[in-house]
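The sequence lines fix the lettering, A, B, ..., with proteins before strands; numbering per chain opens at 1.
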2 protein chains.
Amino acid sequence: MEANATIIKEGAPLDCVHVMHMGWACRYNIMKDGKRQISAFLLPGDVCESTPMHGTLIDYSVCTLTPSLVKPISIEGPLGFAQPFDQMQSILSGSLLEQRLLRAWLANVGRRNAYNRVAWLICELHVRLSILGLADETGFDCPLTQEVIADAVGLTSVHVNRVMKQFRNENLFSFRSGRVAFVGVEKIRKLCGFDPAYLHLDLAQHIKTTPTRRPQLSDCP
Amino acid sequence: MEANATIIKEGAPLDCVHVMHMGWACRYNIMKDGKRQISAFLLPGDVCESTPMHGTLIDYSVCTLTPSLVKPISIEGPLGFAQPFDQMQSILSGSLLEQRLLRAWLANVGRRNAYNRVAWLICELHVRLSILGLADETGFDCPLTQEVIADAVGLTSVHVNRVMKQFRNENLFSFRSGRVAFVGVEKIRKLCGFDPAYLHLDLAQHIKTTPTRRPQLSDCP
DNA sequence: CGAGAAATTGAGCCATCTCAAAGGAGGTGG
DNA sequence: CCACCTCCTTTGAGATGGCTCAATTTCTCG
C-alpha cells in the first residue's frame with residue numbers, strides 16, 4: 001500500500017483483520033472541528049484492529065504513514081465459533097496490551113509537559129522497535145512527521161519542532177531526516193520518567209503473528 | 001467499603017474480579033512526580049478490572065470515591081479453562097468498551113480545551129448514569145471533587161473551578177454540592193461535540209452482571 | 001460549634017498556541 | 001541535469017489559556 005492510504009474507516013463493521021508486515025501506520029480519530037487525535041502507532045507485526053471481534057463497529061480509522069505491506073485476514077463468522085481457545089486468548093492479550101498503551105498515552109498527554117511528552121513517545125517507539133530489531137542504542141529510523149507526532153501527543157507541530165530543537169541543543173538526541181539519533185537513551189528515559197517495563201512487552205509476543213525475525217523496514221524498496 | 005479505599009493496587013497479579021454494586025470508584029495511575037491521571041470512572045455495574053484475565057499484572061490502581069458496595073468474584077484457574085465461551089465473549093466485549101472509552105478520553109484530553117473537556121466529561125457521565133437510571137434530563141448526583149475531575153481531564157482543580165463557574169454563568173449547568181443540574185443537555189452536547197452514540201453503549205449491556213434495575217446511589221446510607 | 005476538606009477568587013507568570021513567512025529536501029517533468 | 005513544486009521543517013512575534021501560589025470563603029460532618 002501507498003503511504004497515506006486508508007486501511008480502516010471509522011464506523012465500518014469489523015469483518016477482517018489487517019496485520020502490518022512492513023511499514024508504519026496509525027490509528028486515529030477526527031473530531032468534529034477537524035482536529036485529529038492519534039491513539040496508536042502500528043508497527044510491523046501489529047494488528048490494525050485493536051480488538052478483532054467480528055461484527056463490532058470500529059470507532060477509529062487507520063491509515064498508513066509509509067508505504068506498507070498489510071495483510072488482510074478474513075474472519076469466518078462470529079468469534080468464539082470455530083475459533084480455537086488459544087486464539088481467543090491471544091486476542092484478549094492483544095486487547096489488554098492495547099489498553100495498557102492507551103492508559104500510558106492518556107497519562108502522557110494528560111500529565112506531562114510538551115518536553116517530557118515527546119521524549120516519552122520517543123522512548124516508547126524505541127522500545128517497541130528494539131523488540132522488532134528495528135532499533136538499537138544509537139537510534140532508529142522514524143518516518144513520523146512532526147505534525148504526526150503532534151497529533152499523537154496533543155501538541156502543535158510548531159511546538160513539537162521547538163521541543164525537538166531543545167533536545168538537539170541539550171545533546172539528548174536529534175531527529176532529522178527520518179532518523180532519531182540518540183546520544184544516551186538512559187538520560188532521556190530518566191528525564192521523562194519512562195519505564196521500559198510498563199508495557200509488559202513480553203505479552204506482546206502473544207499477539208504477534210509473524211516469526212521472531214521480522215521484516216526490516218530497510219528491506220523495503 | 002469506605003470512600004477512598006483501595007480496591008486494586010497497581011502491579012498486583014489479577015486473581016479476582018471486583019464488581020461495583022453501589023458507589024463510584026476510579027481507575028488511575030500515579031506518575032513518578034506524584035501527579036495522578038485518572039483513566040476511568042467506575043459506576044454501579046462496572047467491573048474494576050478492565051480486562052479480567054487471570055494472572056496478568058495490573059497496570060493501574062483502583063480506589064473508591066464514595067462509600068461503595070464492591071463484590072469480589074474469584075476466578076478459578078487461567079481464563080479459557082472451565083469458562084464458557086459466552087463468558088469469554090463478554091470479557092472481550094468489556095475490553096472493547098474500555099478501549100473505546102480510553103480512546104475517547106485520550107482525544108478529549110489531547111484535543112479539546114479546558115472548557116469543552118470538562119463539558120464532555122459531564123456529558124459522558126450523564127449518558128452512562130442515564131443508562132443506570134441514575135440520571136435524567138434535569139441532571140444527576142455527582143460525588144466527584146473538582147480535583148478528581150481535574151485529574152481525569154488533565155487540568156488543575158483551580159482551572160476546573162473557573163470553568164465550572166463559566167458554565168454556571170452561561171446558564172448551561174451548575175455543579176454544586178454534589179449535584180450536576182442541567183439547564184439544557186443538548187446545548188452542552190453541541191458545544192463540546194459530544195456524540196451520545198460514540199460508545200455504542202448497547203454493548204455495555206454485555207458486561208453488566210447485575211439485573212436491569214440497578215441499586216440507586218440514593219439507596220446508600 | 002469547631003475542624004478539615006472543598007470550592008472560590010485574585011494576581012502574575014509562562015507554556016503553548018496562532019499566524020505568518022522563510023528555508024530545506026526530495027521528486028518530477030522537461 | 002535543471003527548474004519547479006510540494007511537503008516538511010524552522011523561526012519569529014505576539015496572544016492567551018491554563019498554571020502556580022496564596023488567601024479567603026463555604027461546606028460537611030462529627
Side-chain angles (χ1 to χ4, degrees), chain A residues 2-4 24 31 33-37 63-67 108-119 121 141-169 173-181 192 220-221, chain B residues 2-4 24 31 33-37 63-67 108-122 141-169 173-181 192 220-221:
Chain A
E2 295 285 295
N4 229 296
W24 292 44
M31 330 231 359
D33 62 358
K35 285 175 185 152
R36 174 175 69 163
Q37 176 66 49
C63 72
T64 58
L65 295 170
T66 68
N108 194 35
V109 172
R111 284 297 178 224
R112 270 192 269 261
N113 63 20
Y115 183 83
N116 290 327
R117 226 183 273 182
V118 173
L121 176 63
D141 290 331
C142 177
L144 301 183
T145 271
Q146 293 184 351
E147 193 179 351
V148 169
I149 294 178
D151 284 347
V153 296
L155 293 171
T156 287
S157 66
V158 172
H159 200 64
V160 168
N161 181 283
R162 294 198 220 281
V163 167
M164 289 296 186
K165 181 182 179 185
Q166 202 179 340
F167 287 130
R168 234 179 293 129
N169 291 341
F173 70 88
S174 74
F175 180 24
R176 276 182 184 290
S177 54
R179 170 117 195 135
V180 172
C192 68
C220 219
Chain B
E2 295 286 296
N4 228 295
W24 293 42
M31 331 231 1
D33 62 357
K35 285 176 187 154
R36 175 176 66 164
Q37 175 67 49
C63 73
T64 58
L65 295 169
T66 67
N108 194 35
V109 173
R111 285 296 177 223
R112 269 192 269 262
N113 63 18
Y115 183 83
N116 290 327
R117 225 182 275 183
V118 173
W120 190 92
L121 176 63
I122 296 295
D141 290 331
C142 177
L144 301 182
T145 269
Q146 293 184 349
E147 193 179 349
V148 170
I149 294 178
D151 283 346
V153 295
L155 293 171
T156 287
S157 65
V158 172
H159 200 64
V160 168
N161 181 285
R162 293 198 221 276
V163 167
M164 289 295 186
K165 181 182 177 182
Q166 201 178 340
F167 287 130
R168 233 178 293 130
N169 291 341
F173 69 88
S174 73
F175 180 25
R176 275 182 184 291
S177 54
R179 170 118 195 134
V180 171
C192 69
C220 217

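Of all heavy-atom pairs between B:Asn113 and B:Asn116, the closest is OD1-N, 3.0 Å.
For C:dT8, one of the phosphate oxygens OP1 or OP2 lies less than 4.0 angstrom from a side-chain nitrogen or oxygen of B:Gln146. In this model, the phosphate group of C:dA7 is not approached by any side-chain N or O of B:Asn161 to a distance below 4.0 Å at OP1 or OP2. An OP1 or OP2 oxygen of C:dT18 is reached within less than 4.0 angstrom by a side-chain nitrogen or oxygen of A:Thr156. Under 4.0 angstrom from either OP1 or OP2 of C:dT8 there lies at least one side-chain N or O belonging to B:Arg168. Within the structure, a side-chain polar atom (N or O) of A:Lys165 is placed less than 4.0 Å from OP1 or OP2 of D:dT11. For B:Arg176 and C:dT8, the shortest distance from a side-chain N or O to OP1 or OP2 is below 4.0 Å.
In this structure, the side chains of B:Arg36 and B:Val148 come closer than 4.5 Å at one or more pairs of heavy atoms. A heavy-atom distance below 4.5 Å is found between the side chains of A:Phe173 and A:Met164.
The nearest heavy atom of DNA chain C to A:His159 and to A:Ser177 marks one nucleotide each, and the one closer to the 5' end goes with A:His159.
For the pair A:Leu65 CG and D:dC7 C1', the interatomic distance rounds to 15 Å; values are reported in whole Å.
Side-chain to base pairing of B:Arg162 with D:dG17: no donor and acceptor N or O lie closer than 3.5 Å to each other. Between the side chain of B:Arg117 and the base of D:dG18 there is no donor-acceptor pair of N/O atoms closer than 3.5 Å.
The B:Val158 side chain lies nearest to C:dT9 when the options are C:dA20, C:dT16, C:dT9. Distance from the side chain of A:Leu155 is smallest for C:dC17 among the nucleotides D:dG18, C:dC17, C:dT9.
With rounding to the nearest 0.5 angstrom, the CZ atom of B:Arg111 is 7.0 Å from the CG atom of A:Leu155.
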